[in-house]
Amino acid sequence: YRVAVDDFRLSVKLLSFDANAINNAVVKLNWSTTSEENLSGFGIERSKDGANWATLGFVNATGTGGGTTEYMFNDEQPLKGNSFYRLKLTDINPVSKYSEVRTVSIKELTDDIFVMPNPAGSTTNLYVKSSEKKEVAIVIRDMLGRELRRERKQLVTGQNIIPINNLEKLAEGSYLV
């Protein structure tokens, strides 16, 4: 990009700019440049609506001329839903130019858990709606918080039904799962 403002020129060629969601938890921004002349660095900006922008950070320029330079920035706290990202390229004068906008979607994570039947007899089921595949610990505690039973289970994305058996071995009362 070359921008002339009050006899100053911003000289840098943005070769690529990508934004990708990683494990629905982090947005990784990668870009590469060449022809960096008097470039100060890159402001990383994010927007929820594409109109109002907030600066997330700044990456200093390290390129010195004609070679290709690679850069990276991670948004460790991305917004849920669609977000827009752009780079603000700034030289030492300071003259600025914006990159094209990239859109990233972070799914709204909603997990849901319930026990049925409740009250239970000798067996009950734990219904778990999971937003992702993961391993969890199923723990049964008495009302004083003492752990009575622990099992590790692998959940799949979506609905899971986990039977809880041998409840007759517990004294009659209320328990936390």
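No experiment lies behind these values; they were computed from the predicted model shown. For reference, positions follow the sequence shown, starting with 1.
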Legend entry - Same cluster (ILVMFWY, side-chain, under 4.5 Å), I140 and V128: yes
Inset, instruction - Take V177 and L126 through the test side-chain contact (heavy atoms from CB on, under 4.5 Å) and record every step on the way to the result. - result: CA-CA 9 Å; V177 180; L126 183 62; 4.2 Å; yes
Legend entry - Heavy-atom pair of closest approach, residues N20 and V104: N-CG2, 4.2 Å
Legend entry - Hphob cluster co-occupancy, I161 + M116, side-chain heavy atoms under 4.5 angstrom: yes
Legend entry - Atom of N74, atom of K28 and distance for their closest heavy-atom approach: OD1-CG, 3.3 Å
Inset, instruction - Give a yes or no on whether V115 and I138 share a hydrophobic cluster (residues Ile, Leu, Val, Met, Phe, Trp, Tyr; joining criterion: side-chain heavy atoms under 4.5 Å apart). - result: yes
Legend entry - Lys/Arg cation over aromatic Y98: R86, 6.0 Å, 45° cone: yes
Legend entry - T124 side-chain N/O to I164 backbone N/O, donor-acceptor pair under 3.5 Å: no
Legend entry - N60 side-chain N/O to G41 backbone N/O, donor-acceptor pair under 3.5 Å: no
Inset, instruction - May I ask you to check whether over 12 heavy atoms, not counting those of Q77, lie within 6.0 Å of atom CD? - result: no
Inset, instruction - Answer yes if the side chains of T34 and T68 hold a donor-acceptor pair under 3.5 Å, and no otherwise. - result: no
Legend entry - Donor-acceptor contact below 3.5 Å, side chain Y71 vs main chain T62: yes
Legend entry - Considering all heavy atoms, the nearest F58-S40 contact: CZ-OG, 3.9 Å
Inset, instruction - Determine, using the 4.5 Å side-chain heavy-atom cutoff (strictly less than), whether F73 and V12 are members of one ILVMFWY cluster. - result: yes
Legend entry - Distance, nearest 0.5 Å, that separates OG of S174 from CG of N118: 8.5 Å
Legend entry - Close side-chain approach of L170 to L148, heavy-atom, < 4.5 Å: yes
Legend entry - Non-hydrogen atoms of I106 and A25 that approach each other most closely: CD1-N, 4.5 Å
Legend entry - Non-neighbouring partners of E76 that pass salt bridge (charged side-chain N to carboxylate O under 4.0 Å, His left out), sequence neighbours left out: none
Inset, instruction - Could you give me the CA-CA distance, side-chain angles and deciding distance for D75 and V26, then say whether side-chain contact (heavy atoms from CB on, under 4.5 Å) is met? - result: CA-CA 6 Å; D75 181 359; V26 173; 5.8 Å; no
Legend entry - Residues in salt bridge (charged side-chain N to carboxylate O under 4.0 Å, His left out) contact with E151, at least two apart in sequence or another chain: K153
Legend entry - Under 3.5 Å donor-acceptor, N93 side chain and V95 backbone: no
Inset, instruction - Give a yes/no verdict on a cation-pi contact between R46 and W53, requiring under 6.0 Å between NZ or CZ and the six-membered ring centre and an angle within 45° of the axis. - result: no
Inset, instruction - Kindly indicate, with the supporting measurements, whether the criterion side-chain contact (heavy atoms from CB on, under 4.5 Å) is fulfilled by K97 and D91. - result: CA-CA 9 Å; K97 168 79 174 167; D91 74 6; over 6 Å; no
Inset, instruction - Could you tell me whether the side chains of S47 and N52 share a donor-acceptor contact shorter than 3.5 Å? - result: no
Inset, instruction - Kindly compute the distance separating OG1 (T33) from CZ (F17), expressed to the nearest 0.5 Å. - result: 13.0 Å
Legend entry - K107 to K80 - nearest heavy-atom pair and separation: O-CD, 3.9 Å
Legend entry - ILVMFWY cluster, W31 and L89 together (side-chain gap under 4.5 Å): yes
Legend entry - Partners passing salt bridge (charged side-chain N to carboxylate O under 4.0 Å, His left out) against K48 (at least two apart in sequence or in another chain): none
Legend entry - Closest approach of S16 to S32 (non-hydrogen atoms, all atoms of both residues): OG-OG, 2.9 Å
Legend entry - Whether over 12 other heavy atoms sit under 6.0 Å from K134 NZ: yes
Legend entry - Distance in Å, L15 CG paired with E70 CD, rounded so as to fall on 0.5 Å steps: 8.0 Å
Inset, instruction - Report, as yes or no, whether the 6.0 Å neighbourhood of atom CD on E135 holds more than 12 heavy atoms from other residues, nucleotides or ligands. - result: yes
Legend entry - Trace of the side-chain contact (heavy atoms from CB on, under 4.5 Å) decision for T90 with L39: CA-CA 6 Å; T90 304; L39 188 67; 5.8 Å; no
